[in-house]
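Keep in mind that the numbers below use all heavy atoms, side chains included, and drop hydrogens, waters and symmetry copies. What you are looking at is a predicted structure, and each value in this text was computed from that prediction instead of being measured.
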Amino acid sequence: MKHSTTPQTRRGHRGGPARRIGRTLALVLPVVLVLSGTLAVTRVNWTGSPRSSVLTATDVTDAHVSSRAVALAPQDVLRDQLMTELQDRNPGQVLTHLQQAVNGHPSLAQHCTSIARALGRAAVRIYGASRAQSYARPVCDTSFASGVLAAHS
């Protein structure tokens, strides 16, 4: 058997499916991150009080686009519902509702961690770090607790 010392070249391959996916993600991901960051900033209650009558950028958008409904992804709808619920209920009840939603709709499982972290951060703003930590339990691993820790540090 004779071994060649010249390098083999690939003929006709300019990148397989993984390379095409990588290129697509490299182009699309920064745009998605910028847009989601912009939307997140417009939804934050910057006043510090849990309930405020401050007009947010989304309220202005909704006023101009009242005839056109903006469709949110299911995980965004769930996160918004749970954040609103956190204003009236303790985090333990909200975490139970998160777990029930994930159990009822397994497609939400991949978003459970980020939702639980957001709930943890919000709970610190509402209840303080030590009280918020007392509600931590293993919903979506320990994401709620890590959200509490992140907001406290």
Separation between CD (Gln75) and OG (Ser107), nearest 0.5 Å, reads 8.0 Å
List the atom of Pro91, the atom of Tyr127, and the distance in Å for their closest heavy-atom pair.
CD-CE1, 3.5 Å
Closest approach of Arg131 and Tyr135, non-hydrogen atoms and distance?
O-CD1, 3.2 Å
Which atom of Ala118 lies closest to which atom of Met83, heavy atoms considered:
O-CE, 3.4 Å
Rounded to the nearest 0.5 Å, how far does CG of Asn90 lie from CD of Glu85?
9.5 Å
Compare every heavy atom of Ala122 with every heavy atom of Leu86, then report the nearest pair and how far apart it is.
CD2-CB, 3.6 Å
Going through the distances and angles, do His111 and Arg79 end up as a side chain to side chain contact (heavy atoms under 4.5 Å, CB included)?
CA-CA 9 Å; His111 305 287; Arg79 185 193 62 244; over 6 Å; no
With no hydrogens and no angle check, just 3.5 Å: does a side-chain donor-acceptor pair link Arg137 and Thr96?
yes
Minimum side-chain heavy-atom gap Leu149-Val124 below 4.5 Å
no
Let's go through Val102 and Ile115 carefully: what are the C-alpha distance in whole Å and the side-chain angles of both, what is the deciding distance for side chain to side chain contact (heavy atoms under 4.5 Å, CB included) to 0.1 Å, and is it a yes or a no?
CA-CA 11 Å; Val102 170; Ile115 294 170; over 6 Å; no
Give me the one residue out of Leu82, Thr84, Asp88 that meets side chain to side chain contact (heavy atoms under 4.5 Å, CB included) with Val94.
Leu82
As an exercise, state the distance from NE2 of His97 to CZ of Arg89, rounded to the nearest 0.5 Å.
5.5 Å
